[in-house]
Amino acid sequence: MTTARTHPLFTVGHRAVSRVAGPLIVVDGMEGVAYGELVDVETADGSVREGQVLEVDGSLAVVQVFGGTAGIGRHATSVLTRGRAARTGVGADFFGRVLDGAGRPRDDQPPPLPDAYRHVNGLPLNPVARDHPDQFIETGVSAIDGLNTLVRGQKLPIFSGAGLPANELAARIASRARLSADSAGVVIIFAAMGVTRREAEFFRSELLAGDAAERTVLLLNLADDPTIERLLTPRVALTMAEYLAFEERRDVLVVMTDVTAYCEALREISAAREELPGRRGYPGYMYTDLASLFERAGRVRGGGSLTQLMILTMPDDDITHPIPDLTGYITEGQIVLSRDLDRQGISPPIDVLPSLSRLMNAGVGADKTREDHRELADQLYACYARGREVRRLMSIIGESGLPAEDRRYLAFADAFEHTYLDQGDERRSLVSTLDLGWRLLAPFPASDLKRVSAEQLARHHKEESESG
Amino acid sequence: VLAPSDLAGTVTAVRPGPATVVDPVIDVDGHPVTMLQRWPLRRARPVASRLPLTTPLVTGQRVLDTLFPVARGGSAIIPGGFGTGKTVLEQALAKFSTADVVVYVGCGERGNELTEVLKQFPQLVDPRTGVSLMERTVLIANTSNMPVAAREASIYTGITIAEYYRDQGYDVAMMADSTSRWGEALREVSSRLEEMPAEDGYPAYLATRLAGFYERAGAVQCLGQPGRTGSVTVVGAVSPAGGDFSEPITQNSLRLAGCFWALDTALSRQRHFPAVNWTRSYSQYDLGAWFDQEVADDWSRLRDWALAVLQREESLQEVVSLLGIEALAAEEQVTLRVGRLLREDFLQQSSFDDVDASCPPVKQVAMIRVVHAAEEAMREALARRVDIADIASAGVLAELGRMRRWSTEDSGDSATRLAARVGEEMSSL
């Protein structure tokens, strides 16, 4: 019985749809069907949609229908099972293509020819098989390269707010990232979930320009595409990326946007499945679900890396909201955008105080970037934090109430924001970023710079006098 | 060879010679017994008796050992929002605490963190044994994208293995990073079983399950001969949503653990690490007598002094944040200056600095003595009507920032010399 069931020519059809609820249908008489199995849903007019088994309970099965359930009735609908697992094609033929959220072509060309098929959920990596990420990626953005360094294999989100330029920042990093000489060059897989047509067009023109198309794949799930496909989109993207990274040994950058839209889809499906809601109505398993996406990053022994850059719009700019909160527990740091800086015209508007790269220590230093990198970053951060604190104090006691020492920090904070953070469209090399950092510290006497060793001070610190 | 705890009878045969873990080594009443043992995870292993907790597990972290020490056989929780340094602290404890065996459970967290342990530990040497740290560490890996149901098992696997080594007479430290993921797994399974949810969706038996785990820590007299004692110290990280400690896992664990090491987001934003909040944290273990006897007889006195200064500094800071430092009297400004010395030059400690990563108690007390001496010198200068601005900005105080780089052997002498220099410079003002 089992052998016959899994034979590709053997199809079982069920005509017992007992309920249609949102994007889900409940089918009776589905004994022997497997969890996660792909099925075909054939409606009365003969059109066929794909679906996936979400739940199995005795003879009942809950199927989520890709493409939505509009037009599906309880009668005259057949669910056909072929013993197929949820897989996607992967391989080099996907470069330069624009696909929809489920991996079907969106650019009026025939479907790409896969080199192989892989399950969309992938498999968790054994920590022993991993290599610790420590290879610097030069993004050209000082706030990242200098203070929150990105390395190959890291998962680093951009915490943005409505209207802030996270898309521009992500596109910029993706198109300008430079790896060290031992890499064959970075390959980009871009997954957009619930984006508007305008945003989709922006990414298409930014990422497929010129010869970048040869190393880029775009998966676009638009805001009015079926919600159910939103859950599939990142998984298809990551499966393609894992094949290229861990089997073809390429350095892959996966950019995903917008994680918030993904979480809303998760909430919608969870409600349709009548699950008990957790915080703010999101399902209790949202941490694990997001982890099943974000943990699909890293370096494997033998070469190849998968770096993830995800964009997350914080609802109401609230970093304690479940979506950024849970993401922060999973990812290796965060780049936080500030509305305040954006209003002042600072671009990119990165607030370095709440930002963090947990893998920075491994990726900087004498043999990786430069020997003063870590200490300079610590010192810039400390001075800027103090400058912001002085600014707050000033708003209460006025500038004349500030001691002279504090005014130096205030001036530093202003200079830092307007020269280090604000770089417009300029792409800065790491050396320029580091040297700029030292120039900004010049007004401080050496004795104030407690985070830097005497050795580095001697080499890089050129103290200015107040009047000079 | 450790005999199985539930085994009783007479040894009828001994099989000498080399053996694998599955080869029988003795016969008891005719039944062969192997070195390999199996034990049900959720059942605590039996002991002869439980002992009072009188010695500390020295962690090498100044803020913990000096202010909030954990007892050998006790338990501690480390709650904190993301980015506050829970994992860095747990890994530091796994590297440097004075345990014979370390069991590190990665429960629902990042795979790369476990890879880091796998990479670093073989290269680090335990100074007490001269052997690589990996030789004393058991690593249980359940990453966040591995099956959720396995998270529950991973915690119990860890504590059972810890008890096994305890029964051999070792002092074991067990780190669980992070217990919140275990709680989430409990919640998921409970909701699938359609049980009535209690607070925040967790099952009503959450407190009981947590107790069943934390109560397996302890110092014990082991069963059998030769008579020996062992201990399991449990350190559990907690990841409360939004960094808000009022949630069920944190609150229930607080009732069960003897030490509360609260990690503070504000401190971590200021890059003050370890970000242990000295106002909210506490230790219920009475270990002052041990430190006074084994390290220095002024240990408890200095500890109480330090906590008092930090408390006073905190309330003065509220005034400063509204009115500026000029609003304070000179004596209070000295308190602020001493508080800053304590925070920046004693409490802050870098896990990434090869000298500062671990600080033995003898170096800790040397360092804190210098800060105490500095306060005395400052107050003495103030009594001679020296201007507070000159006192607070005295150049010699910057040298306290280099104390962390002293070697342990020289710390006593270096401390005496530095304290003397501070005294000299203050009296010359």
Side-chain angles (χ1 to χ4, degrees), chain A residues 122 124-133 153-155 275-279 284-285 287-288 290-299 319-322 325-334 353-354 356 358-359 361-362 374 378 381-382 385 389 392-393 396-397 401-403 447 450-451, chain B residues 81-83 87-88 106 108-120 139 141-148 151 178 180-181 184-185 187-188 191-192 194 197 200-202 239 241-244 265 268-271 320-327 344-345 351-352 389 393 395 398 401:
Chain A
L125 265 178
N126 187 330
V128 177
R130 285 179 182 265
D131 228 345
H132 192 63
Q154 186 166 1
K155 34 195 184 287
E275 291 169 341
L276 227 66
R279 261 176 91 208
Y285 52 76
Y287 170 84
T288 303
L290 289 174
S292 73
L293 295 178
F294 301 152
E295 276 289 308
R296 292 172 78 174
R299 260 174 87 193
I319 204 169
T320 65
H321 185 279
D325 191 47
L326 295 178
T327 303
Y329 274 120
I330 301 167
T331 56
E332 280 141 353
Q334 61 277 345
L353 294 187
L356 170 69
R358 294 171 192 256
L359 299 181
N361 281 326
R374 176 78 260 177
D378 286 343
Y381 187 96
E389 183 54 33
R392 197 189 60 82
L393 202 60
I396 300 169
I397 64 178
L402 295 173
S447 56
K450 288 169 90 167
R451 308 277 180 149
Chain B
F82 68 84
T87 302
V88 173
E109 292 286 313
R110 300 179 190 91
N112 278 335
E113 285 166 353
L114 296 168
T115 305
E116 204 184 342
V117 172
L118 284 168
K119 191 172 103 162
Q120 277 189 2
L139 199 56
N142 174 270
T143 60
S144 50
N145 58 343
M146 289 182 182
V148 173
R151 283 188 205 160
S178 146
S180 293
R181 307 303 164 213
E184 185 194 305
R187 187 174 58 189
E188 265 320 286
S191 103
R192 300 288 167 193
E194 296 181 0
D200 269 21
Y202 289 103
S239 314
D244 181 2
T265 309
S268 71
R269 291 274 175 93
Q270 295 164 36
R271 297 291 160 93
V320 172
S321 67
L322 289 173
L323 302 173
I325 195 167
E326 313 293 325
E344 292 180 1
D345 302 326
S351 276
F352 304 112
S393 59

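Reminder, nothing fancy here: chain letters follow the sequence lines and each chain counts from 1.
- Glu184(B) and Thr288(A) share a donor-acceptor pair across their side chains, judged by distance under 3.5 Å alone.
- Looking at Glu344(B), only its side chain comes within 4.5 Å of chain A, counting heavy atoms on both sides.
- In terms of heavy atoms, Asn112(B) sits closest to Arg130(A) at OD1-NH1, 3.3 Å.
- Residue Val117(B): no heavy atom, backbone or side chain, is found under 4.5 Å from chain A.
- Highest contact tally toward chain A, considering only Ser268(B), Ala241(B), Gly108(B), Gly83(B), is held by Ala241(B) [criterion: heavy-atom pairs under 4.5 Å].
- Ser292(A) places no side-chain N or O within donor-acceptor distance of the main-chain N or O of Asn145(B), the cut-off being under 3.5 Å.
- Contacts of Arg187(B) with chain A are made by side-chain atoms alone, with heavy-atom separations under 4.5 Å and no backbone atom involved.
- Only the side chain of Gln334(A) comes within contact range of chain B, with heavy atoms under 4.5 Å apart.
- With chain B as the partner, the residue from Pro354(A), Ala385(A), Pro322(A) showing the most heavy-atom pairs under 4.5 Å is Pro354(A).
- Proximity to chain A is absent for every atom of Pro147(B), based on heavy atoms less than 4.5 angstrom apart.
- Judged by the 6.0 Å distance and 45° axis criteria, Arg358(A) is not positioned over the aromatic ring of Phe82(B).
- The residue among Thr320(A), Leu353(A), Leu393(A), Asn361(A) with the most heavy atom pairs within less than 4.5 Å of chain B is Asn361(A).
- When Arg192(B), Glu194(B), Gln270(B) are compared by the number of non-hydrogen pairs under 4.5 Å with chain A, Arg192(B) comes out ahead.
- In this structure, chain B has a heavy atom under 4.5 Å from the side chain of Ile396(A), while its backbone stays farther away.
- Residues Glu295(A) and Glu109(B) fail the side-chain proximity criterion, which asks for heavy atoms closer than 4.5 Å.
- Using a 4.5 Å cut-off between heavy atoms, Leu323(B) touches chain A through its backbone atoms (N, CA, C, O) alone.
- In terms of the side-chain contact (heavy atoms from CB on, under 4.5 Å) criterion, residue partners of Glu116(B) (sequence neighbours excluded) are, by chain and number, His132(A), Gln91(B), Gln120(B).
- No part of Gln154(A) comes within reach of chain B, as not one of its non-hydrogen atoms sits under 4.5 angstrom from that chain.
- Ranked by heavy-atom pairs under 4.5 Å with chain A, the list Lys119(B), Glu326(B), Glu188(B) is led by Glu188(B).
- Annotation for Met146(B) and Pro124(A): closest pair CG-CB, 3.8 Å, computed over non-hydrogen atoms.
- Among Ser180(B), Ala141(B), Ser239(B), Gly201(B), the residue with the largest count of heavy-atom pairs under 4.5 Å with chain A is Ser239(B).
- Residues Arg110(B) and Tyr329(A) share a closest heavy-atom pair of NH2-O, 3.0 Å.
- The CG atom of Asp131(A) lies 11.0 Å from the CG atom of Leu118(B); values are rounded to the nearest 0.5 Å.
- In this structure, chain B has a heavy atom under 4.5 Å from the backbone of Thr331(A), while its side chain stays farther away.
- For Leu290(A), the side-chain contact (heavy atoms from CB on, under 4.5 Å) criterion is met by Val259(A), Tyr262(A), Cys263(A), Met286(A), Phe294(A), Leu326(A), Thr327(A), Ile330(A), not counting sequence neighbours.
- The choice from Gly298(A), Pro133(A), Gly122(A) that makes the most heavy-atom pairs within less than 4.5 Å of chain B is Pro133(A).
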